[in-house]
Number of protein chains: 2
Amino acid sequence: MAHGGKPRPMKGIRQLAEHLDISIGTVSRALNGKPDVNEETRKRVLAAAEQLGYVANQSGRSLRQGTTNVIGLMIQSSRETVENSDNFFLTVTGGLQSVFSRHKLDLIMLPCPHDEDPYEYLKRMVARRIVDALIISETQRVDKRFDLLAKAKIPFAALGRSLSGAQHPWADLDFDGVVNCAVDRLVAHGHRRIAVSAPSSDINLGFIFVDGYRRALERHGIAYDPALVIRAKSSEQGGYQVADELLSLENGPTAVILIYELMAIGFYRRMMEAGIIPGRDIAVVSFREAPRAKFLQPALTCFRTSVHDLGVELAEILLSSMPAYSQEYPRKTRQTVWPLELIPGESDAFQLKTAK
Amino acid sequence: MAHGGKPRPMKGIRQLAEHLDISIGTVSRALNGKPDVNEETRKRVLAAAEQLGYVANQSGRSLRQGTTNVIGLMIQSSRETVENSDNFFLTVTGGLQSVFSRHKLDLIMLPCPHDEDPYEYLKRMVARRIVDALIISETQRVDKRFDLLAKAKIPFAALGRSLSGAQHPWADLDFDGVVNCAVDRLVAHGHRRIAVSAPSSDINLGFIFVDGYRRALERHGIAYDPALVIRAKSSEQGGYQVADELLSLENGPTAVILIYELMAIGFYRRMMEAGIIPGRDIAVVSFREAPRAKFLQPALTCFRTSVHDLGVELAEILLSSMPAYSQEYPRKTRQTVWPLELIPGESDAFQLKTAK
DNA sequence: CATAGTATCGTAAACGTTTACGGAGCGCGT
DNA sequence: ACGCGCTCCGTAAACGTTTACGATACTATG
């Protein structure tokens, strides 16, 4: 009974080596595809590993070679984001993984607790060295995390641009293009008084959106009226509130651009309550289509994109800035403004009769 | 220039020890709150660690003490799930973390790639020993993952019950209670022909829901008619399809129970197309309220619960089965059927006139 | 036969921690 | 003076890998 029986407790590479009567080093080389190993012994090793269910302990490996083969995606998931975003992150995750899995990289999500400072959380995660690279999301207009990551010299990319990260890799939806397209379209239909809804300008999106709106108006020679910019939450209630505020204006708009499709639900309702019919009395265009809005009558004009493919793009941006993969993903630029496509509906499909 | 200057490159505990002229062991003990260390030196160590930004390398620590202080939440995120579930997982995650963070445990999400077998993926994750414990979700009716985890002797809990996991820890929504309550309510309003929609019976939910429906009918002495069970996807299209199939029946129902609120959108639309008004001509009750359904007219009667608190419960179930925390979370039972609350609307608020 | 080269493998160090163990210093009682 | 206990700290082993290096056996070449 020298080395017979079934050594069930698979503790590590050592047991595997003993079971094969091979040195531990050779086993490691065989498993990792290193050159200095006979093809036949390699087969034996792989077969035994498969049979005994051996998989290398990640801690040992990471400690030795200083790499984890894991990419982290940090999400803040504030209560409001969770309520309103329609699985945006899970969809992006799908795109990211479809790229990473080709390189045997695993993606993990790092959800920052609601009661912890995102900066401190990220610092901890970086220091623990549990990931080789990081993707941060929900970027703020000024975001210290960019500096942290740059200083830590860990490869990263951002889902969402930032002033702090002007020269860093990111991918972001083309908010500017959207609002430009929307304004152009509305102006072509005869509108001059166009309202816009946006979240607080602290959030980068809130700033970019309104800034683009402003420049678009300027391009058409329309004066910018601050009263037509409504700050509201990106929710159904927010849409209701936007309608409410616009109704209270003396000189109200003939068209409105909503920043999130969900808002349209509340907006429609409030307007209908007031006897104003979207698509007939007021034009509505909304950013980012979500599957839930299809029921709206009249059909909402909005913008669509493949969030999955945005994830693919972001993954490639990240890999291009990781030394081990950069030659596989050569790039001119590491900053992508992701395009969206206009889906025409009935909510703005009328020509304004009276020129104001 | 013995040990002056700023030793910026913080490589590990060794540098920290040298910088303090203290042995490496003492530094470790000081940082980890072990008893055999002078309070003053402890303060010095903590201060220096803070100043130099030292955080223990996780790989080294894990390797030594065989524990990672990380809990994994595996999600499959099939394309359909991502489309339809309204951030259910992110909400649960919030509840989980609110418990875990109290014990300095970190939660990471492990999203299984779409093209990989969930069982193999889990096997890999377990073998790599990147987590101390696991939560699996989207459990199947028979789910090999339970056996895998039990055999690997890694603590785990499931979000969703399973036949395989009958004796294992889980928390799940009370589908049975929901369908019972719905049937009781509809019967009390005079309905005898009640239809139900459910996903495929492979999915555990699909089985439980219909089984509960069947027993509830039996309790009221109503014959079970298979024609009134419609298998459909939990989406808007699915709801449209359910209405369509029900309309084609010779002897149609006077009430319907939908399994997901999103379906009500399509259901309403198809019914209105046929000139049948929900809440007047047909009663509608739906499971699980989502914020998006509030606009429906007439208001949908549905069931609500705090998904966040479900996460809290699940976290406590898991901790109670981890040796290091079990005495802190004593439990009689490790299986929770999570209750939901009825939110009465107008969609079923009428008494059926003609007794059939 | 001697030598060089090649293919394959074993040995041991290293990664950064934690922790069991023992030792030094000190106070105190006998 | 001696022994004992206590507090605090240093030493070194161990965790499971990977990998640089050297050793061995064999083949080919002169």
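Proteins come first, then strands; the chains are lettered A, B, ... in the order of their sequence lines, and each starts at number 1. Below, all heavy atoms of this structure are taken into account, side chains as well, without hydrogens, waters or symmetry copies.
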By nearest nucleotide on DNA chain D, pick out whichever of B:G60 and B:G25 is the more 5' one.
-> B:G25
Just checking A:I24: base, sugar-phosphate only, or nothing, at a heavy-atom cut-off of under 4.0 Å?
-> base
Say whether, by atom type as modelled, one donor and one acceptor occur between the side chain of A:R61 and the main chain of A:A56 under 3.5 angstrom.
-> no
Write down the distance between CD1 (B:I22) and P (D:dT11), rounded to a whole number of angstrom.
-> 13 Å
Please determine which of B:T41, B:L52, B:V45 meets the side-chain contact (heavy atoms from CB on, under 4.5 Å) test together with B:L20.
-> B:V45
Whole-Å distance, B:Q15 CD to C:dG16 P, equals 8 Å
Measure from CD on A:E18 to P on D:dG16 and round the result to the nearest Å.
-> 12 Å
Taking only side-chain nitrogens and oxygens of B:Y54, does any of them come within less than 4.0 Å of OP1 or OP2 of C:dG16?
-> no
Closest to the side chain of A:I13, out of D:dT17, C:dC9, D:dG10, is D:dT17
Taking the side chain of A:S23 as its heavy atoms from C-beta onward, which of D:dG16, C:dT17, C:dG10 lies nearest to it?
-> C:dG10
N or O in side chain of A:T26 less than 4.0 angstrom from C:dG10 OP1/OP2 = yes
Position toward the 5' end of DNA chain C (nearest nucleotide), A:N38 or B:N57 = A:N38
Nearest heavy-atom approach of A:R145 to A:E138 is NH2-O, 3.5 Å
Is the phosphate of C:dT19, meaning OP1 or OP2, less than 4.0 Å from a side-chain N or O of B:Q65?
-> yes
So, is A:S28 close to the D:dT18 phosphate, meaning a side-chain N or O under 4.0 Å from OP1 or OP2?
-> yes
Side chain to side chain donor-acceptor pair (under 3.5 Å) between B:Q97 and B:S101: does it pass, once the steps are laid out?
-> CA-CA 6 Å; B:Q97 264 178 334; B:S101 64; over 6 Å; no
For residues 28-37 of chain B, run the donor-acceptor check on the side chains, cut-off 3.5 Å, and write out each pair with its distance to 0.1 Å, sequence neighbours left out.
| residue | atom | partner | partner atom | Å |
| --- | --- | --- | --- | --- |
| B:R29 | NH2 | B:T26 | OG1 | 3.3 |

Whole Å only: how far is the CG atom of B:N32 from the C1' atom of C:dT17?
-> 9 Å
From the options A:D106, A:T68, A:V70, A:N57, select the one residue that forms a side-chain contact (heavy atoms from CB on, under 4.5 Å) with B:I130.
-> A:V70
Would you mind classifying the nucleic acid contact of A:T41 as base, sugar-phosphate or nothing, using non-hydrogen atoms under 4.0 angstrom?
-> sugar-phosphate
Tell me whether the OP1 or OP2 atom of D:dT19 has a side-chain N or O from A:K34 closer than 4.0 Å.
-> yes
Under 30°, 30 to 60°, or over 60°: which ring-plane class applies to B:H103 and B:Y325, parallel, tilted or perpendicular?
-> perpendicular
Under-3.5 Å donor-acceptor pair between A:R64 side chain and C:dG16 base = no
CD/B:E40: more than 12 non-hydrogen atoms of other groups inside 6.0 Å = no
In whole angstrom, give the distance that lies between atom CG of A:N69 and atom P of D:dT17.
-> 15 Å
Is there a donor and acceptor pair, one atom on the side chain of A:R29 and one on the base of C:dG10, closer than 3.5 Å?
-> yes
Shortest side-chain distance from A:V37, nucleotide among C:dG16, C:dT17, C:dC9 | C:dC9
How large an angle, rounded to 10°, do the end axes of the helix from C:dC1-D:dG30 to C:dT30-D:dA1 enclose when each is built from five base pairs?
-> 70°
Can you tell me how far C1' of C:dT19 sits from CZ of B:R61, to the nearest Å?
-> 13 Å
Separation of C:dT17 atom C1' from A:R128 atom CZ, nearest Å, is 14 Å
First of A:R14 and A:D36 reached from the 5' end of DNA chain D, by closest nucleotide = A:R14
Could you check how far CD of A:Q58 sits from P of C:dG16, rounded to whole Å?
-> 16 Å
